[in-house]
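These notes are about the structure you will find just below.
All residue numbers in this chain count up from 1 along the given sequence.
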Amino acid sequence: MTPEWSRPERLDAIGERDKPVHIEADEGERIALARRFELKAVERLAADLVVRRDAAGVLVTGRVRGDVVQACGVTDEPVPAVVDEEVALRFVEALDGEEEVELSADAMDVVVIEGGAIDLGEAAAETMALALDPFPRSPNAARALREAGVISEDEVQPMNAFAGLKDKLAGR
């Protein structure tokens, strides 16, 4: 299945020199991405990437930028969000199930190459999705929760079987 925002970069077109690539989602792709990631809207989504081959595979670095509208998890009201996320991915040939991969301190996400290309659009779309707040809240969320009887963490009184014992012993 082809992703909503597919921008394949053929492996045979990637060399050892940096290759700048700019991609931008059109209106139809943004609508499909909003549906897939359960967003109210993807108003803008673009990526400026640098692609190059090295001994370990294909290195993709750069930045994904966009404007999206999420739904508040409490009120379902629109919550605008700005995406400005760095990308650092290494695309590698499929690994045997028994091979061990050593990760260094500067390790980056690893994506297995499928077919004769890497999909920069899908990589950028996933980067966008991972950058979003998983629990977006509108300005009215706290009021709605309070009206529903939900108390904040600051208002929680810890359950303690001995909480009133001091007062009882003192005869209060």
Seminar exercise, completed: Residues D119 and P8: closest non-hydrogen pair is OD1-N, 4.1 Å

Problem set entry | Atom of I23, atom of A124 and distance for their closest heavy-atom approach |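 Taking every non-hydrogen atom into account, CD1-CB, 4.2 Å.
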
For this session: Go through the structure and list residues passing side chain to side chain contact (heavy atoms under 4.5 Å, CB included) with P80, not counting sequence neighbours.
Result: none

Do [X] and [Y] have side chains that get closer than 4.5 Å, going by heavy atoms?
| X | Y | answer |
| --- | --- | --- |
| D54 | R90 | yes |
| E43 | V69 | yes |
| L39 | M128 | yes |
| T61 | V87 | no |
| V92 | V58 | no |
| L120 | V60 | yes |

For this session: Could you walk me through whether E16 and R53 pass salt bridge (charged side-chain N to carboxylate O under 4.0 Å, His left out), step by step?
Result: CA-CA 5 Å; E16 292 180 5; R53 186 181 295 276; over 6 Å; no

Exercise. Quick one: CZ on R36 to CD on E4, what's the gap to the nearest 0.5 Å?
Worked result: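 Result: 4.5 Å between the selected atoms.
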
Exercise. Is there any side chain to side chain donor-acceptor pair (under 3.5 Å) pair reaching into residues 68-79, and which pairs are they, with sequence neighbours excluded?
Worked result: T75-E77, T75-S138, E77-S138, E77-N140

